[in-house]
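It should be emphasised that the depicted structure is a prediction, and the values quoted were computed from it without experimental measurement. Within every chain, numbering begins at 1; the chains are lettered A, B, ... in the order of the sequence lines, protein sequences first and strands thereafter.
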Number of protein chains: 2
Amino acid sequence: MQNGSSSMVSEVRVASRDLVRQLGLMNQTVAGTDLSVSAVHAIIEINQTDRLSSKDLSEKLLLEKSTVSRLVKSLIKRGEVCEMRSEHDARVKHLSLTPIGNNTLQFIDRFAEAQVSTALDRLGNDAQAGILKGLQDYSSALQPRMADEMPDRSGAAVTIESGYSAPLIGRVLEMIVSHMNRHYGFGSSFEAKVATELAQFIGRLDSPQNSIWRALRGDEIVGSISIDGENLENGQAHLRWFVVSNTIRGGGVGGALLDAAIEFCDSQGYHECHLWTVKGLDAARSLYERKGFVLAEEYRGDQWGDEVLEQKFVRSVG
Amino acid sequence: MQNGSSSMVSEVRVASRDLVRQLGLMNQTVAGTDLSVSAVHAIIEINQTDRLSSKDLSEKLLLEKSTVSRLVKSLIKRGEVCEMRSEHDARVKHLSLTPIGNNTLQFIDRFAEAQVSTALDRLGNDAQAGILKGLQDYSSALQPRMADEMPDRSGAAVTIESGYSAPLIGRVLEMIVSHMNRHYGFGSSFEAKVATELAQFIGRLDSPQNSIWRALRGDEIVGSISIDGENLENGQAHLRWFVVSNTIRGGGVGGALLDAAIEFCDSQGYHECHLWTVKGLDAARSLYERKGFVLAEEYRGDQWGDEVLEQKFVRSVG
DNA sequence: CCATATAGTTGTATTATACAACTATATGGA
DNA sequence: TCCATATAGTTGTATAATACAACTATATGG
């Protein structure tokens with residue numbers, strides 16, 4: 001497992017910050033227009049995709065749907081965009097640019113093209129190609145990858161088993177703690193806390209309210225998830241210690257673990273299943289939301305040691 | 001003069017947009033925090049520079065001073081930043097991070113480092129280096145360059161002369177029209193308009209209210225500027241047709257032309273000098289502001305043909 | 001000494017983002 | 001077929017950010 005070197009990472013960050021400033025991304029208006037970044041992106045996307053809906057736009061811009069709804073409304077008011085109700089689904093509206101919107105798009109294109117080509121003209125062809133490749137590699141590498149969307153490089157089959165097998169506690173600790181240490185600097189007190197609670201939980205596995213699953217690649221434990229039915233109020237399950245090894249890419253391991261946990265909750269008749277995570281783990285969030293979890297709360301908390309921005313997700317049954 | 005190819009430019013733009021979205025730059029909060037992009041940048045800068053003032057910060061972030069003042073005020077209120085009045089200048093306050101601010105900085109660093117290294121780890125060392133170099137090249141190439149800050153590649157001396165010499169109208173037209181065509185798509189009607197007005201103005205050069213200057217490199221006209229004293233109200237001069245050739249880099253040609261025009265205005269007793277420009281020409285804007293021009297108005301206008309976002313700058317004497 | 005410049009603050013206006021609740025329409029299982 | 005639930009989009013609400021302009025306090029140089 002190779003890490004980008006600390007100096008390389010720092011320098012990428014410096015360059016990224018510089019780009020943000022040069023491109024005016026902190027300013028209220030961009031591209032020589034009186035439009036925001038989001039509005040400029042929206043206009044470009046609306047032009048590029050036939051029959052684009054607000055939902056599509058929200059997904060492309062990675063913005064919340066109400067934000068997009070208001071953005072579209074504002075652009076319609078300016079005369080830049082018009083909408084037409086879909087013939088197939090009366091809820092959906094297809095967005096397109098008006099002639100005014102097309103004028104604005106042309107202006108934006110000229111402005112941006114001039115800006116970029118002015119920059120590129122200062123450099124030779126090799127450097128230009130390097131810029132393009134670097135930007136493309138970086139942006140695609142930044143894409144959140146859901147565990148079950150990436151091809152498994154090892155090619156070995158992974159199975160999901162319920163119950164304990166050695167060295168489950170150690171493996172779970174290793175995977176969780178190395179991740180949290182790397183991302184949040186959590187150290188020994190964090191690991192001690194998790195170990196104590198997990199060990200205590202394993203001692204409670206004989207209770208039908210609790211269960212644990214492990215993902216196995218051969219004999220190797222590469223993932224785990226637990227449902228603790230004794231930790232919250234009656235009728236509420238606590239999804240805990242959900243982790244997939246960094247060596248796993250794809251194969252749907254995370255999704256399968258989550259499915260197993262959810263099926264257990266439903267068959268046990270839990271009304272709700274709660275989990276806590278740290279803001280920013282977008283891949284995990286996507287997976288939770290796909291499985292019916294909804295963000296219930298967000299706060300600064302220290303349940304994992306140091307203070308982080310915590311999110312609580314809840315999946316409710318009826 | 002080589003242009004970045006149209007396809008190359010488009011692809012750089014696509015990748016840039018994608019980066020904006022992946023990095024969450026359109027979102028209200030970033031880096032797993034409840035802070036804005038600007039606040040995160042501010043915290044990082046305050047940590048990096050001893051005795052940083054608000055003015056310094058405003059220059060680094062490329063944000064307006066009142067925005068920075070409020071941003072700092074907000075961070076102080078949150079307990080992240082403290083300020084200390086300078087011993088040398090009672091107006092200046094030096095900013096530093098509090099222990100709370102340092103905690104936040106550490107969180108941001110970990111978050112960003114994990115994000116970047118997660119992305120970089122997906123790629124080999126060559127691609128990582130390519131990303132870094134591409135980002136660095138692009139951001140530095142995007143830096144606005146003032147004409148008089150860039151070394152003159154030709155090495156030949158440029159002189160400023162007043163009055164007309166052939167083919168002044170043609171050269172001014174060529175420089176202005178190719179620039180505006182490239183940046184804004186202005187075409188034949190624009191050129192006809194400029195030619196008519198410039199030719200008419202040359203016919204008015206015998207009036208002591210008007211004057212024109214040209215920058216000469218040998219016999220070649222590489223820049224020009226005009227003051228039209230009959231175009232606005234009494235006491236107001238109209239600075240028109242200011243242009244420097246793309247082949248000129250540095251040598252202070254733009255500044256020298258502007259100085260000549262300003263000296264003329266002052267000696268003629270004009271109370272004000274007005275000029276119009278297009279929003280987004282940051283290099284020109286810097287130069288104007290350095291010479292005492294102040295943004296007076298900004299609006300959508302079409303004085304140059306197609307509709308653009310126009311800015312009017314005014315330099316007042318007493 | 002004083003007109004002017006400068007660093008920073010405040011007045012004012014506008015706008016953008018997101019959580020939550022709501023409305024209208026679609027869907028699929030009983 | 002019906003109805004509980006899901007979905008696309010809108011609105012309520014709150015908060016915060018950005019910038020032009022005017023102001024206050026301090027510095028500067030003729």
Test of understanding: with side-chain hydrogen bond (donor to acceptor under 3.5 Å, both in side chains), list the residues that count as partners of B:Glu45, not counting sequence neighbours. A:Arg21
Whole angstrom is fine here: how far is it from CE in B:Met84 over to C1' in C:dA7? 18 Å
Counting C-beta onward and ignoring hydrogens, is there a side-chain heavy-atom pair between B:Cys273 and B:Ile262 closer than 4.5 Å? no
Spacing between A:Asp34 atom CG and D:dA19 atom P, to the nearest angstrom: 14 Å
B:Asp266 side chain reached by B:Arg315 side chain, heavy atoms, under 4.5 Å: yes
Protein-nucleotide distance (B:Leu61, atom CG; D:dA17, atom P), rounded to Å: 13 Å
Do A:Leu239 and A:Ile227 have side chains that approach each other closer than 4.5 Å (heavy atoms only, starting at C-beta)? yes
By side-chain hydrogen bond (donor to acceptor under 3.5 Å, both in side chains), A:Arg17 pairs with (sequence neighbours left out) none
So do B:Val12 and B:Tyr138 actually touch side chain to side chain, heavy atoms under 4.5 Å? yes
Give the residues of residues 40-59 of chain B touching DNA chain D, defined as any heavy atom closer than 4.0 Å, sorted by residue number. none
So, do B:Leu71 and B:Leu61 sit near enough that their side-chain heavy atoms are less than 4.5 Å apart? yes
Report the residues that fulfil side-chain contact (heavy atoms from CB on, under 4.5 Å) with A:Asn102, sequence neighbours left out, ordered by chain and then residue number. A:Asn47, A:Leu97, A:Leu105
Nearest-nucleotide comparison on DNA chain D, the residue closer to the 5′ end among A:Val68 and A:Asn27: A:Val68
For A:Asn103, enumerate each residue passing the side-chain hydrogen bond (donor to acceptor under 3.5 Å, both in side chains) test, keeping only those at least two apart in sequence or located in another chain. none
Between CZ of B:Arg85 and C1' of D:dA25 the distance, given in whole Å, is 9 Å
Touch check for A:Leu71, heavy atoms < 4.0 angstrom, all strands: base, sugar-phosphate only, or nothing? nothing
Listed by chain and number, what are the side-chain contact (heavy atoms from CB on, under 4.5 Å) partners of B:Gln28, not counting sequence neighbours? none
Using atom CD of B:Glu80 as one end and atom P of D:dA16 as the other, report the distance to the nearest whole Å. 13 Å
Interatomic distance where CG belongs to A:Leu63 and C1' belongs to C:dA18 [whole Å]: 10 Å
Those residues at least two apart in sequence (or on a different chain) that pass salt bridge (charged side-chain N to carboxylate O under 4.0 Å, His left out) with A:Glu64 are none
When you compare the side chain of B:Val37 with that of A:Leu25, does any pair of heavy atoms fall below 4.5 Å? no
Which atoms of nucleotides 11-15 of chain D (N or O only) lie under 3.5 Å from a protein N or O atom, and what are those distances?
from	atom 1	to	atom 2	distance (Å)
D:dT11	OP2	A:Lys73	NZ	2.7
D:dG12	N7	A:Arg70	NH2	3.0
D:dG12	O6	A:Arg70	NH2	2.4

Between D:dG9 (C1') and A:Glu83 (CD): distance, integer Å: 9 Å
Write down the distance between CG (A:Leu25) and C1' (C:dT17), rounded to a whole number of angstrom. 16 Å
Contacting residues from residues 88-98 of chain A, given that a heavy atom lies under 4.0 angstrom of DNA chain D: A:Arg91, A:Val92, A:Lys93
Would you sketch DNA chain C in dot-bracket for me? Only Watson-Crick or G-U wobble pairs with both distances under 3.5 Å count, crossing pairs as [ ], other-strand pairs as |, the rest as dots. ||||||||||||||||||||||||||||||
Residues in side-chain hydrogen bond (donor to acceptor under 3.5 Å, both in side chains) with B:Ser53, at least two apart? B:Asp56
Salt bridge (charged side-chain N to carboxylate O under 4.0 Å, His left out) pairs, two or more places apart, involving residues 87-103 of chain A: A:Arg51-A:Glu87, A:Glu83-A:Lys93, A:Asp89-A:Arg91
